[in-house]
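Reviewing the structure listed below.
Note that this is a predicted model, so its numbers are computed, not measured. Per chain, numbering begins at 1; letters A, B, ... match sequence-line order.
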2 protein chains.
Amino acid sequence: MRTKHRDTATGRDDTLGTRERVVRATSALMQRQGFDGTGIKQIAQEAGATLGSVYHFFPGGKQQLAVAAVRHGDREFADLLREILDSEPDPAAAVMACTRSLAEGLRESDWVDGCPVTATALGTAGRFPDIQQAAAEAFEHWHALVLDKLRAAGIRDEDADDLAWTVINTLEGAELTAQVSRSVKPLEAAGRHLARLITLYQQAATTP
Amino acid sequence: MRTKHRDTATGRDDTLGTRERVVRATSALMQRQGFDGTGIKQIAQEAGATLGSVYHFFPGGKQQLAVAAVRHGDREFADLLREILDSEPDPAAAVMACTRSLAEGLRESDWVDGCPVTATALGTAGRFPDIQQAAAEAFEHWHALVLDKLRAAGIRDEDADDLAWTVINTLEGAELTAQVSRSVKPLEAAGRHLARLITLYQQAATTP
DNA sequence: AACCTCCTAGAACGAACGCTCTATCTAGAG
DNA sequence: CTCTAGATAGAGCGTTCGTTCTAGGAGGTT
């Protein structure tokens with residue numbers, strides 16, 4: 001029954017298992033519409049699955065779906081972030097490359113694909129601790145990646161941790177502002193200023 | 001019928017008109033639960049109004065309610081921002097005071113009251129242009145306030161505009177990260193680094 | 001008195017929601 | 001072949017959604 005054909009219109013890949021297709025559809029839909037704006041029947045339709053299949057793989061219902069979607073978004077952005085950070089030896093240049101990549105992704109999606117976990121996490125702030133914790137763990141993973149890069153570049157340990165948080169914060173906020181404003185300007189400014197900040201702490205580390 | 005009594009349990013103020021009570025309830029609820037997570041009947045109940053009253057003042061329905069709520073959040077945060085910026089002559093110290101204020105607000109609300117426009121705007125990204133534009137205007141208003149402060153402190157015009165965007169971006173992102181992580185650490189780091197960045201551009205302006 | 005405008009009140013509608021349920025299909029083991 | 005567990009299929013449950021609708025109350029003007 002399952003064909004090896006890729007549906008170019010919806011981006012759905014029938015070679016993936018049902019569970020994976022459902023997770024990806026949930027992630028994509030909640031990224032755009034948030035938790036409450038996304039229906040399970042809509043997820044099933046987008047994934048090319050039926051309601052029975054969805055509840056077979058996710059007996060915990062919508063909440064379990066959201067947690068899986070957030071974790072998927074976590075891995076997805078972590079892979080992108082790792083790739084970009086590895087491609088540039090200089091951390092300042094690497095962070096600027098990140099802002100360019102985020103800007104490109106936003107523009108290509110006509111300003112609808114923002115951070116894959118923010119929309120889901122924000123709408124469920126105090127209501128579903130599981131979802132919130134999955135989102136918090138995503139931020140921590142991304143922070144760890146940036147932290148490694150900063151430390152490898154010689155930035156002092158006591159500076160690097162906070163600086164890595166500011167990098168994540170600013171990327172997050174700039175993407176959000178850029179999306180709402182439909183302009184890459186906030187992301188461009190963020191890249192320039194983060195690069196400036198990073199080189200500042202690099203100099204501080206080499207001249208004690 | 002209308003008493004002059006303030007309901008200390010719900011925070012509802014009966015001395016306000018119905019329309020204003022509805023707007024405030026919408027703003028508060030959508031700040032926590034987003035657009036789709038907030039029902040009109042819930043708004044009516046929280047505001048101490050009936051469904052008929054809500055639709056009398058907002059015949060445009062939920063969409064019009066959301067726009068009014070975002071504009072209310074815009075004014076609310078603009079007032080706070082203006083007050084803090086005016087209380088500190090040094091822009092770096094003023095921005096740090098902002099991060100402290102945001103951290104305090106988050107902690108007091110048990111991490112549920114984040115930015116009053118983000119949750120509403122994110123969930124309606126591509127669907128309701130009116131809401132998105134109201135949110136974009138809010139960011140512009142806040143940006144203008146920071147921009148004035150930076151210029152008044154002598155920062156070069158060509159630097160100040162981008163720098164003001166990064167301040168807004170980073171405040172936004174840090175509040176978001178702090179809320180999800182239930183920790184003030186991201187906000188504290190943001191305050192320190194923004195202050196550092198601002199003084200850097202101040203020095204650049206005085207030593208050509 | 002009558003009248004008019006503003007506002008309040010909530011029943012009722014069709015649609016969509018999350019979820020449960022039973023039934024059927026498929027594939028591999030024996 | 002039969003047996004079984006995993007996966008698929010979708011009708012239907014009760015509830016809630018946004019919205020519409022009609023009816024009534026409050027207060028001022030004529």
Side-chain angles (χ1 to χ4, degrees), chain A residues 1-4 7 12-27 29-30 32-70 119-120 123-124 127-128 130-131, chain B residues 1-4 7 12-27 29-30 32-70 119-120 123-124 127-128 130-131:
Chain A
M1 175 66 194
R2 185 185 299 156
T3 68
K4 299 289 178 180
D7 188 330
R12 186 197 309 154
D13 188 345
D14 288 348
T15 64
L16 262 44
T18 303
R19 187 195 165 93
E20 182 68 15
R21 288 204 318 277
V22 169
V23 170
R24 294 192 183 199
T26 308
S27 179
L29 288 170
M30 288 194 178
R32 292 166 167 79
Q33 311 170 353
F35 179 83
D36 290 298
T38 303
I40 293 190
K41 287 173 184 171
Q42 186 187 12
I43 291 171
Q45 184 179 350
E46 193 74 16
T50 63
L51 212 49
S53 299
V54 173
Y55 275 97
H56 170 74
F57 287 107
F58 300 92
K62 199 177 188 180
Q63 192 172 347
Q64 187 183 356
L65 274 168
V67 171
V70 168
T120 311
T124 60
R127 298 187 287 165
F128 301 99
D130 308 6
I131 303 174
Chain B
M1 172 68 192
R2 187 184 299 159
T3 68
K4 299 288 178 180
D7 187 330
R12 186 195 311 153
D13 189 344
D14 288 349
T15 63
L16 263 43
T18 303
R19 186 193 167 94
E20 182 67 15
R21 288 205 318 278
V22 169
V23 170
R24 294 192 183 200
T26 307
S27 178
L29 288 171
M30 289 196 178
R32 292 166 168 78
Q33 310 170 355
F35 179 82
D36 289 299
T38 303
I40 294 190
K41 287 172 186 173
Q42 186 186 11
I43 291 171
Q45 184 178 350
E46 193 75 13
T50 63
L51 216 46
S53 299
V54 173
Y55 275 96
H56 171 74
F57 288 107
F58 300 92
K62 198 176 189 181
Q63 192 171 348
Q64 187 183 356
L65 274 167
V67 171
V70 167
T120 311
T124 60
R127 298 186 288 163
F128 301 98
D130 307 8
I131 303 174

Search all heavy atoms of A44(A) against all heavy atoms of T50(A) and return the closest pair with its distance. CB-C, 4.1 Å
Nearest 0.5 Å please: distance from the CZ atom of R21(A) over to the CZ atom of R24(A). 11.0 Å
Return all side-chain donor-acceptor pairs below 3.5 angstrom for residues 56-69 of chain B, not counting sequence neighbours, or 'none' if the list is empty.
from   : atom 1 : to      : atom 2 : distance (Å)
K62(B) : NZ     : F35(B)  : O      : 3.0
K62(B) : NZ     : T38(B)  : O      : 2.8
Q63(B) : NE2    : D130(B) : OD2    : 3.4
Q64(B) : OE1    : G60(B)  : N      : 2.6

Closest non-hydrogen atom pair, G123(B) against D36(B): O-OD2, 4.1 Å
What is the distance, to the nearest angstrom, from the NE2 atom on H56(B) to the P atom on dA23(D)? 19 Å
Give the stems involving DNA chain C, where a stem is 3 or more consecutive Watson-Crick or G-U wobble pairs (i with j, i+1 with j-1, and so on) under 3.5 Å. C:1-30 with D:1-30
Note: Q42(B) and G37(B) closest approach over all heavy atoms is OE1-O, 4.1 Å
In whole angstrom, what separates E20(B)'s CD from dC7(C)'s P? 14 Å
Nearest-Å distance, CZ (F58(B)) to P (dC7(C))? 12 Å
Specify the separation, in whole Å, of atom CZ of F57(A) and atom P of dC19(C). 18 Å
Passes side chain to side chain contact (heavy atoms under 4.5 Å, CB included), R32(A) versus R127(B)? Steps please. CA-CA 9 Å; R32(A) 292 166 167 79; R127(B) 298 186 288 163; over 6 Å; no
Could you check whether any side-chain N or O of T26(B) sits under 3.5 Å from a backbone N or O of V22(B), counting only pairs where one atom can act as donor and the other as acceptor? yes
Distance col, row Q45(B):CD vs L51(B):CG, nearest 0.5 angstrom, shows 11.5 Å
Does dC7(C) have OP1 or OP2 sitting under 4.0 Å from an N or O in the side chain of T18(B)? no
What nitrogen or oxygen pairs link the protein and nucleotides 14-18 of chain C at under 3.5 Å?
from    : atom 1 : to     : atom 2 : distance (Å)
dG18(C) : OP1    : T38(A) : O      : 3.2
dG18(C) : OP1    : K62(A) : NZ     : 2.6
dG18(C) : OP2    : I40(A) : N      : 2.9

